[in-house]
Amino acid sequence: MKVVIVGGVAGGATAAARIRRLDEQAEIIVFERSGYVSYANCGLPYYIGDVITDSEELTLQTPESFFSRFRVIMKVHHEVTAIHPDRKTVSVKNLESGEEFEESYDKLILSPGAKPVQPRLPGTGIDKLFTLRTVEDTLRIKEYINCNHPKSVVLAGGGFIGLELAENLRELGMDVTIVQRPRQLMNPFDSDMASFIHSTMRRHGIKLALGHTVEGFEEREGGVDVLLKDETPLHADMVILAIGVAPDTHLAREAGLELGIKGSIVVNDRMETSVPDIYAAGDAVQVKHFVTGEDTLLSLAGPANKQGRIIADNICGGDSRYQGSQGSSIIKVFELTAAVTGINETNARKAGLDVDTVILSPMSHAGYYPGGKVMTMKVVFEKGTYRLLGAQIVGYEGVDKRIDVLAAAIHGGLKASQLKDLDLAYAPPYSSAKDPVNMAGFMIDNIAEGKLKQWHLEDAAALPGDGSVTLLDVRTVREYEGGHIGGFRNIPVDELREHLEELDPGKPIYAICQSGLRSYIACRILEGNGFEAYNFSGGFRFYDAVTNDRGLIERAAACGMDQ
């Protein structure tokens, strides 16, 4: 059996190694147009920022090491220019010598990945404008920084690459501005949770120009003007485009393979394309979302590696199936950690799901053990069925642990209320006896049992100010005086029972505290005494962070720049 693989890195290299482990006799050839067959794509921004100082650390395997261990022929600087399914060959060009030839195959694996989106805008050919996708891109950016010592940079795009670049370039001492059309960074997160990311970026000196449309680029005064629609241009010494990627599928299109979203390659759960004996994996393929079942694109290393392994199993006579992508991901933003799995509330509602959420602010470990830090968790679930749909966490230590538990719970089909039953490891330096994941489960179980009724941030503007409801802040007097929502009366929770006669039992009570715990206790006191009470999801800490962030964005939209 002869297997030809187009593209190395995650999917292609994984498939090659797995095929060899399953079939010692197979002939395996990988064509890679870059000079690197297996590299740490996710580590590229950290090399630019000098966190990784040796470029060789980015290379996981070389053609020589791959051949030595797996007897896989890795041909770098070889570009596949056409696929001929009728005769089961590919056309190949040696980019170093110019030689062109055809290579036959029994099985063909396409792992071309994705390419940076290059907007058709004036000035995209300027030599001070870069994209970041490959090792070569990384080395080019690093060389420019080392030789020219730019003091400022504009990053177009606020996704994973954009944020990682922003942090690393800022750590190099550069003045960094992120500009993009969406009014929030990191679209996998809901806008309320993204507020914490925005705050951290600003605190570290990153300027955010959100809600602005880039219309082109012009060289000026030794740098680049980023032209904005109806706004003053942003000027910087260099510009990096990080506005996303698109499937690199021109070969598949020309060969007649069925294509899907944004020109991605359509595959079944065995990773087979519409053409026999051709498989595809990685950023170039359309997959099913594990939670919604809808077709989607998710450019993540984990799924690409799994897909490469599945292809290898099936080529070698097995029957492995890809169950879908869940979108579990995590990012470091200076000292902050932000993580997500499943779908967020925004996309759940767009998908037509009837959803609810809980928002909580637990400590990373036991409060009495030194060093604990607050994290903010948002868990999304379906009303009625309590199907667990997704989660987002922003915090510090322990975020990775909790998001992985929640990702496993979604994959295992647990109901959101069943999170309370998980038996999770506990010791004071690592967690609390009631782990944050358990706490989310307790809250959702209370909703299911009718013990907890919530009101949310989006309800705040609609709260009547005519006295038909009671607005109650149950924090301490000092906390209340430090900042509160207008119209809310302050009765500390520990004094609430002594003031019940001052409250009208005929009016619903909307309660809030700092994190949501004391106001929940207040609601139970009120419910136990015949009142109808609703607890604010997330607490004043959450309300304050989100509304402050939205206020900054609104003022920036009016004045031209977010400071």
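Owing to the predicted nature of the structure, the values given are computational and were not obtained by experimental measurement.
Residues in residues 269-327 take part in these ring-ring contact (aromatic ring centres under 6.0 Å, His included) pairs, two or more places apart or across chains: F290-H411. For residues 120-132, the pairs satisfying salt bridge (Lys or Arg N to Asp or Glu O under 4.0 Å) are K128-E219, with sequence neighbours left out. Sorted by first then second residue, the salt bridge (Lys or Arg N to Asp or Glu O under 4.0 Å) pairs that include residues 238-266, not counting sequence neighbours, are R33-D248. Among residue pairs with one or both ends in residues 266-276, those qualifying as salt bridge (Lys or Arg N to Asp or Glu O under 4.0 Å) are D269-R321, R270-E272, R270-D319; sequence neighbours excluded. Listed by first and then second residue, the salt bridge (Lys or Arg N to Asp or Glu O under 4.0 Å) pairs that reach into residues 277-287 are K88-D277, K107-D277, R133-D283, sequence neighbours excluded.
Considering OH of Y386 and CG of D356, their distance stands at 7.5 Å, rounded to 0.5 Å. Taking CE of M193 as the start and CG of N344 as the end, the distance is 10.5 Å to the nearest 0.5 Å. Distance NZ/K401 to CD1/I403: 13.5 Å, rounded to 0.5 Å. In this structure, CG in L132 is found 5.5 Å from CG in L44, a value given to the nearest 0.5 Å. In this structure, the separation between CD1 on I311 and NZ on K306 is 14.0 Å, given to the nearest 0.5 Å. Rounding to the nearest 0.5 Å places CD1 of I5 at 6.5 Å from CD1 of I28.
Within 6.0 Å of NZ on K420 lie more than 12 heavy atoms contributed by other residues, nucleotides or ligands. Enclosure of atom CD in E143 is not indicated, since only 12 or fewer non-hydrogen atoms of other residues, nucleotides or ligands lie within 6.0 angstrom. Summarising the local packing, CZ of R181 is surrounded by 12 or fewer heavy atoms from other residues, nucleotides or ligands at distances under 6.0 Å.
A distance-only check finds no donor-acceptor pair linking the side chain of Q418 to the backbone of L422 [under 3.5 Å]. T337 places no side-chain N or O within donor-acceptor distance of the main-chain N or O of V333, the cut-off being under 3.5 Å. A donor-acceptor pair under 3.5 Å is absent between the side-chain atoms of D549 and the main chain of A545, judged by distance alone. A donor-acceptor pair is defined here as one N or O able to donate and one able to accept, closer than 3.5 Å; no such pair exists between the side chain of E96 and the backbone of H77. In this structure, the side chain of S91 does not engage the main chain of T81 through any donor-acceptor pair within 3.5 Å. Proximity of a side-chain donor or acceptor of Q184 to a complementary backbone N or O of S191 within less than 3.5 Å is detected. N305 places a side-chain N or O within donor-acceptor distance of the main-chain N or O of A301, the cut-off being under 3.5 Å. Between the S199 side chain and the S195 main chain, no donor and acceptor come within less than 3.5 Å of each other. Q180 contributes a side-chain N or O that, together with a main-chain N or O of P182, makes up a donor-acceptor pair within less than 3.5 Å.
Applying the side-chain hydrogen bond (donor to acceptor under 3.5 Å, both in side chains) criterion to K332, with sequence neighbours excluded, gives E167. Residues forming a side-chain hydrogen bond (donor to acceptor under 3.5 Å, both in side chains) with K288 (at least two apart in sequence, or on another chain): D295. Every residue two or more places apart in sequence or in another chain that forms a salt bridge (charged side-chain N to carboxylate O under 4.0 Å, His left out) with D313 is listed here: R18. Legend: residues meeting salt bridge (charged side-chain N to carboxylate O under 4.0 Å, His left out) with K75, ordered by chain and number and at least two apart, are absent. Taking S417 as the reference, nothing meets the side-chain hydrogen bond (donor to acceptor under 3.5 Å, both in side chains) condition, with sequence neighbours excluded. Taking the salt bridge (charged side-chain N to carboxylate O under 4.0 Å, His left out) definition, one finds that R387 meets it with E382, sequence neighbours left out. Listed by chain and residue number, nothing satisfies the salt bridge (charged side-chain N to carboxylate O under 4.0 Å, His left out) test with E294 (two or more places apart in sequence, or in another chain).
Contact check for E345 versus E458: side-chain heavy atoms found under the 4.5 Å cut-off. Using a 4.5 Å heavy-atom threshold, the side chains of V358 and F381 count as touching.
A cation-pi arrangement, defined by a distance under 6.0 Å to the six-membered ring centre and an angle within 45 degrees of its axis, is absent between R69 and F67.
Between the side chains of E32 and S34, at least one donor N or O lies within less than 3.5 Å of an accepting N or O. Between the side chains of T89 and E102, at least one donor N or O sits under 3.5 Å from an acceptor N or O.
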* To do: Show the numbers, then the answer: is there a side-chain contact (heavy atoms from CB on, under 4.5 Å) between I206 and F334?
  => CA-CA 11 Å; I206 307 291; F334 294 97; 4.1 Å; yes
* **Pair I343-V380, side-chain contact (heavy atoms from CB on, under 4.5 Å): steps then yes or no** => CA-CA 8 Å; I343 57 173; V380 184; 5.7 Å; no
* To do: Test E136 against R140 for salt bridge (Lys or Arg N to Asp or Glu O under 4.0 Å), laying out the working first.
  => CA-CA 6 Å; E136 286 90 345; R140 195 156 42 244; over 6 Å; no
* Candidate pair L210 and H198, rule side-chain contact (heavy atoms from CB on, under 4.5 Å), full reasoning -> CA-CA 10 Å; L210 306 179; H198 296 169; 3.9 Å; yes
* Walk me through it: do K2 and I29 pass the test side-chain contact (heavy atoms from CB on, under 4.5 Å)? => CA-CA 8 Å; K2 182 177 180 180; I29 302 174; 3.8 Å; yes
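Of all the heavy atoms in R20 and F70, the pair that sits closest is NE-O, 2.6 Å. When all heavy atoms of I330 and D400 are compared, the closest pair comes out as CD1-CB, 3.6 Å.
With I265 as reference, T249 is the one residue of I278, T249, L251 to meet the side chain to side chain contact (heavy atoms under 4.5 Å, CB included) rule. Between D190 and the choices T357, T346, N347, the side chain to side chain donor-acceptor pair (under 3.5 Å) rule is met once, by T346.
No salt bridge links D192 with R550; every basic N to acidic carboxylate O contact stays at or beyond 4.0 Å.
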